[in-house]
Amino acid sequence: MIVVSGIQPTGKPHLGNYLGAIKNYVKLQDEAVANNGKCLIFLADLHAISMPHNPAELHAATLEMVATLVACGLDPSKTVLFNQAQVPAHAELQWLLMGTARMGWLNRMTQWKDKAGKNREGQSAALFSYPVLQAADVLLYQATHVPVGDDQKQHLELARDIAQKFNNDFASEEDPVFTLPDPFIPETAARIMSLRDGSKKMSKSDPSDMSRISLTDDADTMAQKVKKAKTDPEPLPSEVAGLAERPEALNLVSIYAALAETTAEQVLADHGGAGFGQFKPALAELMVSVLSPIRDRFVELKDDREQLDAILARGAAQAREQGTPTLDAAYKALGLVRG
Ligand code: AQP
């Protein structure tokens with residue numbers, strides 16, 4: 001069992017990142033330890049430069065993200081926690097895979113289409129080839145389990161296609177260079193939506209801070225955001241089918257279910273018939289009880305620069321060692337001569 005996943009230090013991590021991905025990092029970290037496996041979680045700082053960015057903010061956000069992940073329960077003695085920029089093998093393997101990835105495959109990626117919008121010509125080449133770096137990130141360590149939110153499913157399928165084609169073209173079925181990774185997507189909360197618009201996913205880059213719950217928000221801010229969340233005038237139905245045309249109501253019920261570690265059916269069995277005037281305070285109370293301890297740990301850790309740097313340096317050294325055999329095998333399979 002080799003667990004690998006990453007998160008971009010492009011802003012403050014939010015409830016969607018937590019319920020869709022980070023919670024599963026922690027769960028799989030413990031399973032990996034119990035099964036003599038490995039867990040590697042990285043800050044995707046190389047991905048972060050695919051969009052316009054401020055270098056000083058990227059550095060600060062990278063350290064904040066480490067503090068957040070540790071506050072959420074990632075334990076650097078169990079998980080290899082590092083940033084991509086300290087492990088050059090990620091960028092090297094991306095280049096080696098660029099000969100295998102097809103333009104048509106990348107052109108079909110919905111994240112590329114969404115982020116580029118109508119201005120494709122004006123986007124960075126890094127944004128277009130972003131999924132190839134993602135493939136390198138997981139293939140480098142022979143990942144078996146990749147905990148991600150639903151929005152990353154397509155990129156992981158692409159990583160499998162790249163691995164399969166590379167193995168077919170340059171290796172053999174008996175002795176493949178890469179393992180085909182499987183996504184690990186939560187059943188509830190695989191895609192948490194914006195609090196302002198139930199058709200858009202909650203995102204760090206949304207210009208409205210009211211659209212997301214940041215893991216660093218204090219209790220009052222969280223309660224305010226839940227109170228102001230967009231809803232409709234109807235009371236909650238008693239069955240999930242009743243949420244079909246109500247994306248904002250479905251989102252709040254899903255958030256409640258994921259935080260309470262129960263199902264949407266159970267939430268509606270308990271709260272069906274309630275209006276949002278009743279349901280929102282209950283949701284805010286639950287959210288604060290789950291997220292406040294994370295925020296408290298984050299506040300303790302965030303200014304301990306020495307500890308955060310040490311975590312990243314140690315993790316990077318382990319990751320460099322771990323990735324070497326696969327990188328060597330990829331160079332060799334391609335017939336590239338190295339020293
Ligand atoms: N709304 C979401 N619901 C569930 N899971 C989510 N993830 C992101 N948003 C949601 C999952 O969080 C992990 C880390 O994501 P990321 O930061 O690497 O990239 P992202 O998907 O691009 O996240 P954002 O917040 O939308 O960032 P920006 O705005 O910078 O692009 C991934 O596993 C992702 O699935």
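The structure presented is a predicted model; accordingly, all values stated were derived computationally and were not measured. Whatever order the structure lists ligands and atoms in, that order sets their numbers, starting from 1.
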List the steps, then state whether side-chain contact (heavy atoms from CB on, under 4.5 Å) holds for R295 with D218.
-> CA-CA 7 Å; R295 181 176 185 273; D218 61 27; 3.8 Å; yes
Stepwise salt bridge (Lys or Arg N to Asp or Glu O under 4.0 Å) check, E157 with R108 = CA-CA 12 Å; E157 279 158 11; R108 281 195 286 277; over 6 Å; no
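The parts of M202 lying near ligand 1 are both backbone and side chain, judged by heavy-atom distances below 4.0 Å. Contact annotation for A21 and ligand 1: only side-chain heavy atoms (C-beta onward) come within less than 4.0 Å of the ligand. Heavy atoms of A190 found under 4.0 angstrom from ligand 1 belong exclusively to the backbone.
The shortest heavy-atom distance from P186 to ligand 1 is not under 4.0 Å. Under a 4.0 angstrom heavy-atom cut-off, K115 registers as being in contact with ligand 1.
Residue contacts with ligand 1: K204 is placed with a nitrogen or oxygen under 3.5 Å of a nitrogen or oxygen of the ligand (distance criterion only). Taking only nitrogen or oxygen atoms, main chain and side chain alike, G149 reaches within less than 3.5 Å of ligand 1. Polar contact check, H14 against ligand 1: a nitrogen or oxygen pair lies under 3.5 Å apart.
Here the heavy atom of the protein found nearest to atom 23 (O) of ligand 1 is K201 NZ, 3.5 Å. Nearest protein heavy-atom contact of atom 34 (C) of ligand 1 is D151 OD1, 3.4 Å. Scanning the protein heavy atoms around atom 28 (P) of ligand 1, the nearest turns out to be S205 OG, 3.7 Å. Among all non-hydrogen protein atoms, the one lying nearest atom 19 (O) of ligand 1 is Q8 NE2, 3.5 Å. The nearest protein atom to atom 1 (N) of ligand 1, hydrogens excluded, is given as I192 O, 2.8 Å; this is a heavy-atom distance. Of all protein heavy atoms, the one lying nearest to atom 30 (O) of ligand 1 is T10 OG1, 2.9 Å. The shortest contact between atom 7 (N) of ligand 1 and any protein heavy atom is with N17 ND2, 3.6 Å.
Of the options G16, P9, S194, S254, the smallest heavy-atom separation from atom 5 (N) of ligand 1 is shown by G16. Remark: among candidates I7, V148, V146, the nearest residue to atom 14 (C) of ligand 1 is I7, based on non-hydrogen atoms.
I162 contributes atom CD1, which lies 6.5 Å from atom CH2 of W105 (distance to the nearest 0.5 angstrom).
Ring-plane geometry between F128 and W112 is classed as perpendicular, the angle between the planes exceeding 60 degrees on a 0 to 90 degree scale with a lower cut at 30.
With hydrogens and angles left out, the side-chain atoms of H47 and Q84 include a donor and acceptor closer than 3.5 Å.
Salt bridge status for K12 with E64: present, with a side-chain N to carboxylate O gap under 4.0 Å. A salt bridge links R305 with D309: at least one charged nitrogen is closer than 4.0 Å to a carboxylate oxygen. Note on D217 versus R212: no salt bridge recorded, every NZ/NE/NH1/NH2 to OD/OE distance being 4.0 Å or above.
Distance alone, capped at 3.5 Å, places no donor-acceptor pair between the E31 side chain and the V26 backbone. Of the possible donor and acceptor atoms, none in the side chain of T326 sits under 3.5 Å from a partner among the backbone N and O of Y141.
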